[in-house]
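Before any comments, here is the structure.
Letters go in sequence order (proteins before strands), and every chain restarts at 1. Heavy atoms only: backbone and side chains are in, while hydrogens, waters and symmetry mates are out.
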2 protein chains.
Amino acid sequence: MKTSNTPDKFIEAIGNLGESIGLNRTVCQIYALLYITPEPLSPAQIGRMLGISKGNVSINMKKLEEWNAVKKVWLKGYSRSFYNANEDMEGIIFDKLKTGLEKRNRLLEEAVNGIKKSLKAKGKIADKKLMRHYSSRISKVENLLKQAELFTKNIDLLKSLLKK
Amino acid sequence: MKTSNTPDKFIEAIGNLGESIGLNRTVCQIYALLYITPEPLSPAQIGRMLGISKGNVSINMKKLEEWNAVKKVWLKGYSRSFYNANEDMEGIIFDKLKTGLEKRNRLLEEAVNGIKKSLKAKGKIADKKLMRHYSSRISKVENLLKQAELFTKNIDLLKSLLKK
DNA sequence: TTCATGGTTTAATCTGTTTTGAACATTTTA
DNA sequence: TAAAATGTTCAAAACAGATTAAACCATGAA
């Protein structure tokens, strides 16, 4: 284990950060390791440096590639693959934020549809008062959804605004 | 179980939504139930309606109170307590978002400090090239942190902007 | 072709979180 | 006061996710 060479505190802290937003700790640590290491690393090296199994590396490497957080690098004279971190950490975060928001908006939409459906289904039986109550709740959540969708759409705009 | 009376799809969807952002599914379902039910409910009723133990209700009720997501209501003639949802869902979300961001900023700061410390510690040994590499990485992450802090500070502003 | 190396998949294990159920404490009813 | 109702706490069970280890597949060198 040649961790003596790596800024372990950084890797640890990024792992904690990632975990706190619901990401897998290991996937974040791998990214952090590649981010602070100047040279590209092979999966085997990564596994050794972080002290994790190669299966674990393989699984999380795939995730990182899906997120465009790492890129494969071919080194002359080697058949096996090496990886570099995509340095644009901000871009990665925004991309993930965006897809995350989109997913949540869909779930919120489902929630709205859920209560709407339930409302229709008992339209015949229900008393007027309950109907009105449900309606007011629906419209509130619908407004929230609209705001969330607006926010999601304008996330790139927001990103450029923050730059200044 | 008198779930026949409740918009189960709504409760289920809000539970899924909450889970997807790292919250406990049950805590979200309780909130959703109180949100769509016109009358205040007692913990026992909540437990029955969601089919969960009273211990579970108790624990999650406490969380909701901490978040200001529910409020206690006294009904004349009853000794036991009832709860209403705080209807300002947006406010609840923003409050939690804000504290969440603050927590993450602290973790990111730790990450920066981590690599800085590691950099200082090997200042004597390290070759210049590696030093420069680390420095450039540090400054990138520091910029990111600054942006994140800016964003967090202006979250209320953002909220009012979205309103329009 | 066989052997060695690198990488993936998967079943089993491990870890951490959630939920339960029982014990306990407190309050209300009678 | 005793009995019933309400709510909390906590140890143990159940569950979900992450990780490992081993089997497996692919590729390239000899």
Please report the distance, rounded to the nearest Å, between [atom1] in [X] and [atom2] in [N].
X       : N      : atom1 : atom2 : result
A:Trp74 : C:dG6  : CH2   : C1'   : 14 Å
B:Tyr78 : C:dT29 : OH    : C1'   : 15 Å
B:Asn24 : C:dT20 : CG    : C1'   : 14 Å
A:Gln45 : C:dG7  : CD    : C1'   : 15 Å
A:Met61 : D:dA18 : CE    : C1'   : 18 Å
B:Ile52 : D:dG7  : CD1   : P     : 14 Å
B:Glu19 : D:dC15 : CD    : C1'   : 11 Å
A:Arg25 : C:dC14 : CZ    : C1'   : 15 Å

Does the side chain of [X] get closer than 4.0 angstrom to OP1 or OP2 of [N] through an N or O atom?
X       : N      : answer
A:Thr26 : D:dT19 : yes
B:Ser81 : D:dG7  : yes
A:Lys54 : D:dA21 : no

Which listed nucleotide ([options]) is nearest to the side chain of [X]?
X       : options               : result
B:Arg80 : C:dG7, D:dG7, C:dT18  : D:dG7
A:Asn56 : C:dT20, D:dG7, D:dT20 : D:dT20
A:Lys62 : C:dT9, D:dT19, D:dG7  : C:dT9
A:Ser53 : D:dT20, D:dG7, C:dT20 : D:dT20

Task: Flag side-chain contact, heavy atom, 4.5 Å: B:Asn60 against B:Asn56 - done: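 They are in contact (side-chain heavy atoms under 4.5 Å apart), so the answer is yes.
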Open item on the list: With a 4.0 Å cut-off on N to O distance, would you call A:Glu102 and A:Lys153 a salt bridge?
Closed with: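 Salt bridge absent between A:Glu102 and A:Lys153.
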Open item on the list: Regarding A:Glu110 and B:Lys9, does a basic nitrogen lie under 4.0 Å from an acidic carboxylate oxygen?
Closed with: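 Looking at A:Glu110 and B:Lys9, the cut-off is not met.
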- [ ] Report yes or no: does B:Thr152 contribute a side-chain atom to a donor-acceptor pair with the main-chain N or O of B:Ala148 at less than 3.5 Å?
- [x]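 Indeed, once roles are kept as given, a pair shorter than 3.5 Å links the two residues.
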Open item on the list: Checking the side chain of B:Tyr31 only, and the main-chain atoms of B:Asn86 only, is there a donor and an acceptor separated by less than 3.5 Å?
Closed with: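 Answer holds: yes.
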Task: Most 5' of B:Tyr83 and A:Ile59 on DNA chain D, judged by nearest nucleotide - done: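 Closer to the 5' end of DNA chain D: B:Tyr83.
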